[in-house]
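Inspection log for the structure reproduced underneath, given as structure tokens.
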Amino acid sequence: MEGTFMERYQNLSGSSGISGFEIGKDNIIIQFTNGSIYLYDYISPGIDAVEKMKVHAKSGSGLCTYINQHVRDHYAARLK
């Protein structure tokens, strides 16, 4: 996204479908390796899921797996 700072996802657990993320106060933006960018917030998929996604993003491990197993297509918006 233009004007948005995406932190590179460390991907410590091997191959991942995620290339970057940006953490906000009540949301997280995820950039996938295919170029798509999604917003997840406290409304969709909810506070607990977003906070867990933030932990995975910061740790560099398990974020894609968490999204695939728990969040799926419950995102707030597709940004790109």
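Values below: every heavy atom of this structure, side chains too, minus hydrogens, waters and symmetry copies.
Just one residue in the list Tyr38, Tyr75, Tyr9 forms a ring-ring contact (aromatic ring centres under 6.0 Å, His included) with Phe32, and that residue is Tyr38.
Criterion: ILVMFWY side-chain heavy atoms under 4.5 Å apart, direct or through other members. Under it, Val71 and Ile43 are not part of a common hydrophobic cluster. Put simply, Phe21 and Val50 are part of the same group of oily side chains (I, L, V, M, F, W, Y) that touch within less than 4.5 Å, one to the next.
Listed by chain and number, the hydrophobic cluster partners of Val55 come to none, as no ILVMFWY side chain reaches under 4.5 Å of it.
The main-chain N or O of Gly24 is found under 3.5 Å from a side-chain atom of Lys54 such that the two form a donor-acceptor pair. Proximity of a side-chain donor or acceptor of His74 to a complementary backbone N or O of Ser44 within less than 3.5 Å is not detected.
The distance from atom CD1 of Ile18 to atom CD1 of Ile67, rounded to the nearest 0.5 Å, is 4.0 Å. How far CG of Asn34 is from CD1 of Ile37: 10.0 Å, rounded to the nearest 0.5 Å. One distance of note links NZ of Lys52 with CD1 of Ile47; it measures 12.5 Å at 0.5 Å rounding. The structure places NE2 of His70 at 12.0 Å from CG of Asp48, a figure rounded to the nearest 0.5 Å. With rounding to the nearest 0.5 angstrom, the CE atom of Met6 is 8.0 Å from the OG atom of Ser19. Considering CD1 of Ile29 and CE of Met53, their distance stands at 11.0 Å, rounded to 0.5 Å.
Side-chain contact check for Leu12 versus Ser59: every heavy-atom pair is 4.5 Å or farther apart. Within the 4.5 Å cutoff, the side chain of Ser36 has no heavy atoms near those of the Gln31 side chain.
Across every non-hydrogen atom of Ser16 and Thr33, the tightest pair is O-CG2, 3.6 Å. What you find for Asn27 and Leu39 is that their closest heavy atoms are CB-CD1, 3.7 Å. Across Cys64 and Gly17, no two heavy atoms sit closer than the pair SG-N, 3.8 Å.
The closest side-chain donor-acceptor pair between Tyr42 and Glu51 falls under 3.5 angstrom.
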